[in-house]
Amino acid sequence: MSEDKDAVDAITAQWFAVRPELDTAPMAVFGRIYRIAKAMGDAMEERYQRFGISRGEFDVVGTLRRSGAPYTLSPRQLSATLMLTTGGMTGRLDKLEKAGLLCRKPDPHDRRGLQVTITDRGLALVDEAVTVGLEVQRAALTGLTDAEVAQLTGLLRKLLAGV
């Protein structure tokens, strides 16, 4: 492969060789999106390990942090925001509570409900972790100009709206 070609180009070329009538443009786009997502997910997972959390656990404490003071949401709100089942959310909450990064309390407005609140320790951890995560993401974009980043952001937003 030349410098301008990548593994996805090789895959689409192979398809063209055996099925030249196929339009592989969607494969070229989504193949790269999948590969980027996998590579970045792995990189983020590696960075968050030093904080003792997974990427999924970061998402929970990050969601609480970005919700604003008092950094409290219901498990149902967290599940909806993170597109997780309540069972999947319970496992994450259990681990994060055990680590002292959040606490669960009864909801004063719904005696059957709970509220999840980030602790001071969780707040400090997520503030440091988000900075590290952004450094990783920023480094991945160094080959693009600011204008290209803005263009890519707009194109991905448009693509996401269509799926």
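Here the structure is a predicted model, which means the values were calculated and not measured.
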- Task: Report the distance from atom CZ of Arg104 to atom CD of Gln115, rounding to the nearest 0.5 Å.
- Result: 13.5 Å
- Is a side-chain N or O of Thr63 found less than 3.5 angstrom from the main chain of Leu78, in a donor-acceptor match? no
- Message: Ignoring hydrogens and geometry beyond distance, is a side-chain donor-acceptor pair present between Thr12 and Thr24 at under 3.5 Å?
- Response: no
- For the atom pair CG (Leu73) and OG (Ser67), what is the distance rounded to the nearest 0.5 Å? 4.0 Å
- Query: Could you state the interatomic distance from CZ (Arg121) to CG (Leu96), rounded to the nearest 0.5 Å?
  - Reply: 10.5 Å
- Pairing of Glu128 and Arg50 as salt bridge, 4.0 angstrom limit: yes
- Task: Indicate yes or no: does Asp42 engage Lys38 in a salt bridge with an N to O separation below 4.0 Å.
- Result: yes
- Task: Verify the neighbour count for atom CG of Asp110: are there more than 12 heavy atoms of other residues, nucleotides or ligands below 6.0 Å?
- Result: yes
- For the atom pair NZ (Lys95) and CG (Leu101), what is the distance rounded to the nearest 0.5 Å? 9.5 Å
- Message: Taking Arg32 first and then Asp6, would you say they form a salt bridge - that is, a charged N and a carboxylate O separated by under 4.0 Å?
- Response: yes
- Message: I need the Leu152 CG to Arg157 CZ distance, nearest 0.5 Å.
- Response: 10.5 Å
- Message: Strictly below 4.0 Å, N to O, side chains only: are Glu45 and Arg47 in salt-bridge contact?
- Response: no
- Query: Do any N or O atoms from the side chain of Thr117 and from the backbone of Thr72 form a donor-acceptor pair under 3.5 angstrom?
  - Reply: no
- Taking a hydrophobic cluster as the set of Ile, Leu, Val, Met, Phe, Trp and Tyr residues connected by side-chain heavy atoms closer than 4.5 Å, whether directly or through intermediates, do Ile36 and Met44 fall within one such cluster? yes
- Note on the structure: So CD of Gln77 and OG1 of Thr81: to nearest 0.5 Å the spacing works out to 7.0 Å
